[in-house]
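Presented below is the structure to which this report refers.
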Amino acid sequence: MTDQAAETATTNPVVSNFIRSRIDEDCAHKTYGRKVATRFPPEPNGFLHFGHAKSIFLNFGLAQDYLAQCPQSLCNLRFDDTNPTKEETEYVDAIREDVAWLGFDTSGREYYASDYFERLYQCAEQLVHAGLAYVDSQDSESLRATRGTLTEPGTNSPYRARSIEENLDLFRRMRAGEFADGAHILRAKIDMAAPNMNLRDPAIYRIRHAHHHRTGDAWCIYPMYDFAHCVSDAIEGITHSLCTLEFTDHRPLYEWFLDRLAELGAFNRPLPQQIEFSRLNLTYVVLSKRKLIQLVNDGHVDGWNDPRLPTLKGARRRGFTPTGFKLFADRIGISKSDSLIDYQVLEDCMREDLNERAERRVAVLNPLKLVLTNFPENHIEPCFAPNHPHHAELGKREIPLSRELWIEREDFMIEPTKGFFRLTPGKEVRLRYGYIIKCTGFDRDESGQVTQVYGEYDADTKSGTPGSETRKVKGNIHWLSCAHSVPAEIRFYDRLFRTAAPGGRQEGDAPDFERDFLTDINPNAKQIQVGRVEQALAHCPAESCYQFERNGYFVADQFDHTPGKPIFNRTVTLRDSWSKN
RNA sequence: UGGGCCGUCGCCAAGUUGGUUAAGGCACUGGGUUUUGAUCCCAGCAUACCUAGGUUCGAAUCCUAGCGGCCCAGCCA
């Protein structure tokens, strides 16, 4: 366990769920001895996204939590690389990084389904030997035609009655590379009339003359998911094989393979059991691999680690934190009901974590100049700001105040709307950590845009000095001395889609109209501005996160931030009960 | 319309071997603290468990019949 994981593990109370209940029963009955073994089995053909984070915390979290009562508990990272035409090494590295980033150490526990190809093949031969599998030589169209439909049974393949010897011979020759892709497949002999389509003689092996990212050209036949997955679980001694709900219909097949194989002596009981839970659905995002790929390939975002994307790579760059994800995973829970989580919940989790861990700094994101006309020309007044309001031990830092300042454009209004209590002509406001000032005037350009604001400070009101507390003003705005701040690129990110269900039906859509999710993209999800930040911020390491007071949480860009060109990404705004109204 | 899964407060989610007033979180509302309209603290928030019947002294939990949602016809995972 890494420090990160140790930290996140203690964050929340454990909430009961049906999987834990099941495991508790197994523990009570000593079904698997003193062991809870899970696995996280991504296919290395894409990047991990928020949905995977749920699965990672579930699988690794369970193994971690049960360690005390079941000392042999563990969770494997297993790359499900059984399809050579889709998988690549670059994804393997990315996935490993993401899992580590979330706080789980997988060293020594990293496996590949492709490591089991020989064993898998032997298991398949055993099934053939036992008359439980056969080589079918129909083409794919015939296969589809004879499978039947949801309401009609399928029909037996003309090759279904081949002898064991012939099947064995054919299967071995498939492996030897004697046949072209698609010429034959190995099928389980179950029941073409089964109401569950998965049991209508499912494919076990297909011929693919393709280079595999790990096994190279050693194989030209590759096992299908349903066969490879359960066997891999059994090989690794997995006890609880957790997957999403769409695999529920596959469970009878999972059990069929393993039961048969156990009967044939390939595995000992107890066998792993598959348990399904509902996948993550989040508003305002898309989590399907296909759509994510489309967003990247069509250039709607700037690559897989674009902060607008719900990928873990994007999240990291956005400033989302592992602890925030852990909070999120615990908050949404595990169940079998189709749920749709408000994106807001995720954001709140990030705020909760960041509020605690992020030091406060000052940044003026949309600068407007304020001149204190009664402030001495060359005077510099040191002001002091705590680095964290809840953690005095983190100390204070100096922020110099001078005659010319930058304030937030939104903090000034010529004619205040009702309830506005920031800077406005003739009224007073406190410069945070500094003095109370009064607005005495402002300049405008020909278009009416305010170009500069004037004010006078009250020298008796400096924050922290005796008596300064006695004068209360409602408004409190942040500021930065023009001469003591530096420009910084600020990248404002917002949700990628403007509708809660991208591509979903909207009012007025024709009954058969299918909306393209791309039309729901929020064109303003990324906006770049140059703001001002405290000088020291230019030298913070990449990925440092801060709360820019009154503005939100920001992170120094993982890749582009340099002392010469500071760049901060907005992770999430602060909650704001004012702008809500 | 074959099979499978699901339906508890706006969003999640405990509870499901039937037994006091249906956990908890988020959101929301009200109040307090506060030099972040932030944070923090306190309080409130389902006579109700998809609907209708039934069994029972007693049901969210059992039975029956409906209704609604999701998944499945890749040599993808």
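Proteins come first, then strands; the chains are lettered A, B, ... in the order of their sequence lines, and each starts at number 1. All values below were derived from every heavy atom in this structure, side-chain atoms included, with hydrogens, water molecules and symmetry-related copies excluded.
- Applying the 3.5 Å distance criterion, the base of U36(B) shares a donor-acceptor pair with the side chain of Arg360(A).
- You'll find that the side chain of Glu43(A) is closest to A77(B), out of A77(B), U35(B), G4(B).
- The nearest whole Å value for the distance from the CD1 atom in Ile19(A) to the P atom in A14(B) is 10 Å.
- Base contact: Arg422(A) has a heavy atom under 4.0 Å from a base atom.
- Rounded to whole Å, the distance from CD on Glu408(A) to P on U36(B) is 16 Å.
- Protein atom CZ of Phe421(A) is 10 Å distant from nucleotide atom P of U36(B), rounded to whole Å.
- The base of G4(B) has none of its N or O atoms less than 3.5 Å from a complementary donor or acceptor on the side chain of Arg251(A).
- Using a 4.0 Å heavy-atom cutoff across all strands shown, Asp226(A) reaches no nucleic acid atom at all.
- Across all strands shown, G44(B) forms a Watson-Crick or G-U wobble pair with C28(B), both key distances being under 3.5 Å.
- Contact check on Arg22(A) versus Asp26(A) returns no salt bridge, with no Lys/Arg side-chain nitrogen under 4.0 Å from an Asp/Glu carboxylate oxygen.
- As a whole-Å value, the separation of Phe247(A) CZ from C5(B) C1' is 15 Å.
- Cation-pi geometry between Arg78(A) and Tyr112(A) is not met at under 6.0 angstrom from the ring centre and within 45 degrees of the axis.
- Here the C1' atom of nucleotide U36(B) and the NE2 atom of His391(A) are 16 Å apart, to the nearest Å.
- For Arg208(A) and C76(B), the shortest distance from a side-chain N or O to OP1 or OP2 is below 4.0 Å.
- Here U17(B) sits opposite no nucleotide as a Watson-Crick or G-U wobble pair (both hydrogen-bonding atom distances under 3.5 Å).
- Under the Watson-Crick or G-U wobble criterion, with both distances below 3.5 Å, A65(B) is paired with U51(B).
- If you take atom P in A59(B) and the same atom in A14(B), they sit 24 Å apart, rounded to whole Å.
- Considering only the side chain of Leu340(A), C12(B) comes nearest among G4(B), C12(B), A73(B).
- Residue Arg575(A) places none of its side-chain N or O atoms closer than 4.0 Å to OP1 or OP2 of C26(B).
- Within the structure, a side-chain polar atom (N or O) of Ser16(A) is placed less than 4.0 Å from OP1 or OP2 of G15(B).
- Ion pairing between a basic and an acidic side chain is recognised when a charged N comes within 4.0 Å of a carboxylate O; Glu410(A) and Arg550(A) show no such pairing.
- Remark: Arg200(A) is not in phosphate contact with G3(B), judged by side-chain N or O atoms under 4.0 Å from OP1 or OP2.
- The cationic atom of Lys396(A) (NZ for Lys, CZ for Arg) does not lie both less than 6.0 Å from the six-membered ring centre of Phe384(A) and within 45° of the ring axis.
- What separates CG of Leu280(A) from P of A13(B) is a distance of 11 Å, to the nearest Å.
- Side-chain nitrogen and oxygen atoms of Ser335(A) include at least one within less than 4.0 Å of the OP1 or OP2 phosphate oxygen of A13(B).
- A cation-pi contact links Arg175(A) to Tyr121(A), judged by a cut-off of 6.0 Å to the six-membered ring centre and 45° from its axis.
- Sequence order on RNA chain B of the closest nucleotides to Arg147(A) and Pro41(A) puts Arg147(A) first from the 5' end.
- Geometric assessment of Arg361(A) against the ring of Tyr546(A) yields a negative cation-pi assignment under the 6.0 Å and 45° thresholds.
- Listed nucleotides U36(B), G2(B), C76(B) differ in distance to Leu574(A); the shortest reach to its side chain belongs to U36(B).
- OP1 or OP2 of A77(B) has at least one side-chain nitrogen or oxygen of Thr82(A) nearer than 4.0 Å.
- Note on Ser337(A): a side-chain N or O is less than 4.0 Å away from OP1 or OP2 of A13(B).
- For the pair Glu246(A) CD and G3(B) P, the interatomic distance rounds to 21 Å; values are reported in whole Å.
- Under 4.0 angstrom from either OP1 or OP2 of A77(B) there lies at least one side-chain N or O belonging to Arg206(A).
- Evaluation of atom-type donor-acceptor distances gives no pair under 3.5 Å for the side chain of Asp576(A) against the base of G37(B).
- Taking a pair to require two hydrogen-bonding distances under 3.5 Å in either a Watson-Crick or a G-U wobble arrangement, U1(B) remains unpaired.
- Only the P atoms considered, U51(B) is 28 Å distant from U29(B), to the nearest whole Å.
- Phosphate contact (OP1/OP2 of G37(B), side-chain N/O of Arg550(A), threshold under 4.0 Å): present.
- In this structure, Glu125(A) pairs ionically with Arg172(A), as a charged nitrogen and a carboxylate oxygen lie closer than 4.0 Å.
- What separates CE of Met413(A) from P of G37(B) is a distance of 16 Å, to the nearest Å.
- Taking the six-membered ring for Trp and thresholds of 30 and 60 degrees, His52(A) and His49(A) have ring planes inclined between 30 and 60 degrees apart.
- For Lys472(A), a side-chain nitrogen or oxygen approaches OP1 or OP2 of U35(B) to under 4.0 Å.
- Of the candidate nucleotides A38(B), C11(B), C5(B), C11(B) has the atom lying nearest to any side-chain atom of Asp342(A).
- Stacking of Tyr225(A) onto the six-membered ring of A77(B) is not present when judged by under 5.5 angstrom between centres and under 30° between planes.
- Judged by distance alone, with hydrogens and angles left aside, Glu356(A) brings no side-chain donor or acceptor close enough to the base of U39(B) to form a pair under 3.5 Å.
- Taking atom P on both nucleotides, G30(B) is separated from U16(B) by 37 Å, rounded to a whole Å.
- A gap of 15 Å separates the C1' atoms of C70(B) and C50(B), to the nearest Å.
- Closest approach to the Met197(A) side chain among C72(B), A77(B), G69(B) is made by C72(B) (side chain taken as heavy atoms from C-beta onward).
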